[in-house]
4 protein chains.
Amino acid sequence: MPKVSQAHLDARRQQILDAAAACFYRKGFHLSTMQDICKEADLSPGAVYRYFASKDDIIKAISEENRNNSIRMIGQMRQGVENYRVFLDQLVDAFFRMIDEFDQHPAKLNIEIWAETFRNERVRTMQSETFKAYEQVFGGFLRDGQKAGYFQPDIDPDSFGRILISFFDGLLVQKAVDPTVDVWAYVETIKKITSSIHCEPEHATVA
Amino acid sequence: MPKVSQAHLDARRQQILDAAAACFYRKGFHLSTMQDICKEADLSPGAVYRYFASKDDIIKAISEENRNNSIRMIGQMRQGVENYRVFLDQLVDAFFRMIDEFDQHPAKLNIEIWAETFRNERVRTMQSETFKAYEQVFGGFLRDGQKAGYFQPDIDPDSFGRILISFFDGLLVQKAVDPTVDVWAYVETIKKITSSIHCEPEHATVA
Amino acid sequence: MPKVSQAHLDARRQQILDAAAACFYRKGFHLSTMQDICKEADLSPGAVYRYFASKDDIIKAISEENRNNSIRMIGQMRQGVENYRVFLDQLVDAFFRMIDEFDQHPAKLNIEIWAETFRNERVRTMQSETFKAYEQVFGGFLRDGQKAGYFQPDIDPDSFGRILISFFDGLLVQKAVDPTVDVWAYVETIKKITSSIHCEPEHATVA
Amino acid sequence: MPKVSQAHLDARRQQILDAAAACFYRKGFHLSTMQDICKEADLSPGAVYRYFASKDDIIKAISEENRNNSIRMIGQMRQGVENYRVFLDQLVDAFFRMIDEFDQHPAKLNIEIWAETFRNERVRTMQSETFKAYEQVFGGFLRDGQKAGYFQPDIDPDSFGRILISFFDGLLVQKAVDPTVDVWAYVETIKKITSSIHCEPEHATVA
DNA sequence: GATGAATGAGACTTCATTCAT
DNA sequence: TATGAATGAAGTCTCATTCAT
């Protein structure tokens with residue numbers, strides 16, 4: 001019988017993960033020290049090491065958490081779709097609001113994770129799954145839409161999914177470098193460009 | 001009277017920078033050690049420190065070199081333009097060939113630089129200048145084209161410039177995570193999407 | 001809740017300080033390495049750095065300890081005075097016994113500290129306070145004695161205090177250079193010379 | 001046949017020694033680097049190492065120079081003596097003027113040399129010879145004076161010589177720590193104290 | 001003789017990790 | 001479970017010294 005509840009254990013784990021995310025957000029993976037994380041979590045090194053075997057383990061867990069959050073988010077988004085025509089608009093608005101609120105959002109961690117991707121297979125796998133999830137949702141949506149006649153049939157769904165990701169990730173980087181970037185002008189231009197792929201079917205309904 | 005020529009000094013400096021780039025490419029900025037760089041450059045620590053005051057200095061020089069290369073490249077690209085219609089195609093082909101040859105090209109360093117951007121003001125400045133240069137060239141091109149009637153006049157040139165950057169940087173990340181990405185399908189789709197912004201003027205010539 | 005008692009922490013700190021003093025005594029501040037100190041203290045570098053932020057910090061602490069010891073010693077000495085006539089003798093005997101037992105006594109560190117004085121403001125301050133303390137005690141004693149009629153009234157108390165210090169420090173240096181110096185002959189001569197400043201009051205008692 | 005004259009060689013050597021003295025004066029032996037000395041001497045490392053085998057060699061040469069200067073100085077001083085009575089005054093005035101002009105005078109190097117004495121046998125020997133020279137001159141003078149009846153016969157000449165050195169070296173240290181020390185009040189008090197050893201012979205002449 | 005680029009041992013310090021309490 | 005003192009390998013950087021030119 002465990003001395004403390006599983007809930008307590010989970011809470012401790014999450015507490016550490018949150019602390020680590022805060023540190024990584026501020027100083028990146030390799031400039032954040034375990035001491036930083038311990039202090040932020042208000043826990044001793046010994047306690048932290050009870051929940052994570054190594055710093056690398058924490059990095060992996062953070063990237064896993066990032067993947068899970070991303071997948072959950074995109075899943076939720078897909079459900080709200082009512083009309084193909086407005087889906088991209090909704091999607092785009094939701095995502096770019098994150099960038100606009102850059103400093104409050106852990107999106108900044110993404111860039112750290114991308115860099116880590118080169119050195120850490122598990123992190124790469126996580127990030128790959130994240131991208132795959134996006135692709136599937138975006139691609140699946142486009143595919144459905146094409147069947148229903150909403151989109152030009154000669155657009156490759158997978159590539160289009162990747163392009164949507166690029167719209168987002170690309171601006172993320174630019175905003176990191178220059179916070180004065182006009183996010184909504186950028187979004188507006190995306191909408192204009194992508195409007196060309198829309199068609200006007202006779203009986204528009206959503207799956 | 002210097003013992004060796006300035007050319008020799010410059011070559012040594014470049015030798016170190018190349019070695020550093022190779023290391024950074026493999027292990028990132030913060031996991032590459034000065035010893036790694038020394039070994040790669042086949043030089044002693046003392047020699048390296050004759051040319052760079054610190055590891056941070058090398059990182060800065062690398063990001064500066066990256067900026068210079070980017071600006072030079074984009075400058076050259078602009079000069080080859082003969083027809084607005086085909087410019088984007090040329091541009092896109094040239095840029096994405098880099099991604100396709102990913103492992104041989106220092107483009108991968110970009111992601112490291114982006115991450116460093118959060119911690120290092122000088123690196124951020126370099127990267128900011130790189131983005132500005134791109135924006136200017138792309139935006140200037142679009143502006144000229146709009147005046148000449150080649151592009152829809154309601155497209156914001158600056159945002160469009162940023163979007164072109166995102167097309168590239170976004171795929172860079174995705175390729176880093178999953179090397180099997182089909183670059184040319186992605187490019188094809190970009191071309192389809194952006195074709196909608198083109199118009200057909202009567203007398204198409206380029207400034 | 002601390003893992004170990006404050007007493008243990010204090011003991012560790014003192015252990016390091018003692019080890020450092022031993023090293024400095026042997027090799028001076030700048031030729032003693034942190035490794036030397038660690039080995040002498042039988043502690044790892046990490047442990048030492050828990051207690052002192054830097055080598056410089058240890059040097060400062062050593063000079064502070066030296067000041068504290070000096071001030072304590074001179075304070076105790078002052079209390080033992082029963083008769084102006086014999087005070088100098090007692091004082092001189094006590095101090096020069098240190099020099100005579102040179103190798104066992106940290107007095108040798110003084111010379112290191114003097115040299116450090118040029119480069120290290122904090123060390124200079126410590127040493128300055130040490131000298132001030134001596135001056136006050138010696139000068140105060142002479143002043144009292146002059147009021148009571150024990151000493152020639154035209155002797156400047158502060159200068160005389162400084163001269164007493166010089167008697168000591170000067171021989172310290174000479175003994176360092178030539179350990180065969182006859183300390184007690186030196187002391188004897190000091191007593192003869194300084195005897196001239198004594199007077200013979202009628203009712204000799206000490207405050 | 002040498003390519004350059006011996007005079008040129010000697011001048012170069014002295015140039016290096018002067019540069020070293022300037023550096024040592026500013027930063028001490030162990031914080032002055034060979035590069036510092038080279039820069040100060042306006043010479044390359046290779047050139048410096050043609051004249052001195054090592055940094056340690058330079059330190060030794062500096063301490064040797066210091067000894068030579070001291071011995072020369074004290075020798076000259078001895079010759080100027082015309083009257084036992086005023087000799088100490090002259091001596092004291094000459095020496096303490098150095099301390100008063102502290103910043104311009106290499107006396108500060110003495111403290112460095114004393115510290116070095118613990119680690120460097122050759123330096124210790126040099127310093128020992130310096131002290132011996134002083135002792136001989138002072139002691140010899142006192143001995144002569146005692147024979148001629150100028151000084152109390154029960155004063156030990158050697159110890160008195162050491163005390164004179166202590167007067168000087170002691171104040172040197174105090175001035176290093178606190179530049180506001182009143183040198184001449186100190187000197188005045190020395191004179192008062194030492195006046196007690198003087199006698200009044202019938203026919204006062206100097207050897 | 002002189003130069004100064006290059007060497008490389010070793011200095012100071014950090015920090016991921018362990019383990020006695 | 002949790003603590004935090006302790007470890008020690010490894011990192012960045014310095015500097016006395018060498019040697020090809």
Side-chain angles (χ1 to χ4, degrees), chain A residues 2-4 8-9 12 30-39 41-58, chain B residues 1-5 8-9 12-13 30-38 41-58, chain C residues 1-5 8-9 12 30-38 41-58, chain D residues 2-5 8-9 12 30-39 41-58:
Chain A
K3 292 254 179 95
V4 302
H8 176 258
L9 259 41
R12 272 271 186 276
H30 300 292
L31 261 37
S32 297
T33 70
M34 286 302 274
Q35 277 303 331
D36 290 338
I37 296 172
C38 292
K39 205 166 292 171
D42 205 30
L43 239 32
S44 67
V48 169
Y49 274 86
R50 181 160 287 277
Y51 295 91
F52 295 93
S54 65
K55 185 183 174 185
D56 199 60
D57 239 44
I58 297 182
Chain B
M1 192 183 319
K3 194 65 189 209
V4 300
S5 67
H8 175 261
L9 259 39
R12 269 274 184 278
R13 199 189 130 96
H30 299 292
L31 258 38
S32 298
T33 70
M34 287 305 278
Q35 279 303 333
D36 290 338
I37 296 173
C38 292
D42 203 31
L43 239 30
S44 66
V48 170
Y49 276 87
R50 272 193 79 77
Y51 295 89
F52 296 94
S54 65
K55 185 182 172 184
D56 198 61
D57 236 46
I58 297 183
Chain C
M1 192 184 319
K3 193 66 189 202
V4 300
S5 67
H8 175 261
L9 261 38
R12 269 274 184 276
H30 299 292
L31 260 37
S32 299
T33 70
M34 287 304 278
Q35 278 303 333
D36 290 339
I37 296 173
C38 292
D42 203 32
L43 238 29
S44 66
V48 169
Y49 276 87
R50 273 192 78 79
Y51 295 88
F52 296 94
S54 65
K55 185 182 173 185
D56 199 60
D57 236 45
I58 296 182
Chain D
K3 291 254 178 94
V4 303
S5 68
H8 175 258
L9 259 41
R12 271 270 186 278
H30 300 292
L31 260 37
S32 297
T33 70
M34 287 301 275
Q35 277 303 331
D36 289 339
I37 296 172
C38 292
K39 205 165 292 171
D42 206 29
L43 239 32
S44 67
V48 169
Y49 274 86
R50 182 160 288 277
Y51 295 90
F52 295 93
S54 67
K55 184 182 174 186
D56 199 60
D57 239 45
I58 296 182

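So that the names make sense, note that chain A is the first sequence line, chain B the second, and so on, each numbered from 1. Values reported hereafter were calculated over all heavy atoms of this structure, with side chains retained and with hydrogens, waters and symmetry mates removed.
Rounding to the nearest 0.5 angstrom, the gap separating the NE2 atom in C:H30 from the OG atom in D:S32 is 10.0 Å.
For D:D57, the salt bridge (Lys or Arg N to Asp or Glu O under 4.0 Å) criterion is met by no residue, not counting sequence neighbours. Judged as a side-chain hydrogen bond (donor to acceptor under 3.5 Å, both in side chains), and not counting sequence neighbours, the contacts of D:T33 are D:D36. The side chain to side chain contact (heavy atoms under 4.5 Å, CB included) check on C:Y51 picks up C:L9, C:R12, C:R13, C:I16, with sequence neighbours excluded.
B:F52 comes within 4.0 angstrom of nothing in the nucleic acid, heavy atoms only.
Taking a pair as Watson-Crick or G-U wobble with both distances under 3.5 Å, DNA chain E forms stems of 3 or more consecutive pairs at E:2-21 with F:2-21.
In this structure, B:R12 reaches the E:dA6 phosphate: one of its side-chain N or O atoms is under 4.0 Å from OP1 or OP2. At F:dG4, none of the side-chain N or O atoms of C:H8 fall inside 4.0 Å of OP1 or OP2 (strictly under the cut-off).
Put simply, CG on D:D36 is 8 Å from P on F:dC15, counting in whole angstrom units. Rounded to an integer number of Å, the gap from CD1 of B:I37 to P of E:dA6 is 17 Å. Between B:L9 atom CG and E:dG4 atom P there is a gap of 11 Å when expressed in whole angstrom units. Straight-line distance from the CG atom of C:D42 to the C1' atom of F:dG8: 14 Å, rounded to whole Å.
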_Counting primed atoms plus P, OP1 and OP2 as sugar-phosphate and everything else as base, spell out the protein contacts along nucleotides 10-17 of chain E at 4.0 Å heavy-atom distance: B, S or - for each nucleotide, 5' to 3'._
-SSBBBSB

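Residue B:S44 has its side chain nearest to E:dA6 when only E:dA6, F:dT1, E:dA2 are considered.
Across D:S44 and D:C38, no two heavy atoms sit closer than the pair C-SG, 3.9 Å.
Counting only residues at least two apart or on different chains, the salt bridge (Lys or Arg N to Asp or Glu O under 4.0 Å) pairs with a member in residues 41-56 of chain D are D:D56-D:K60.
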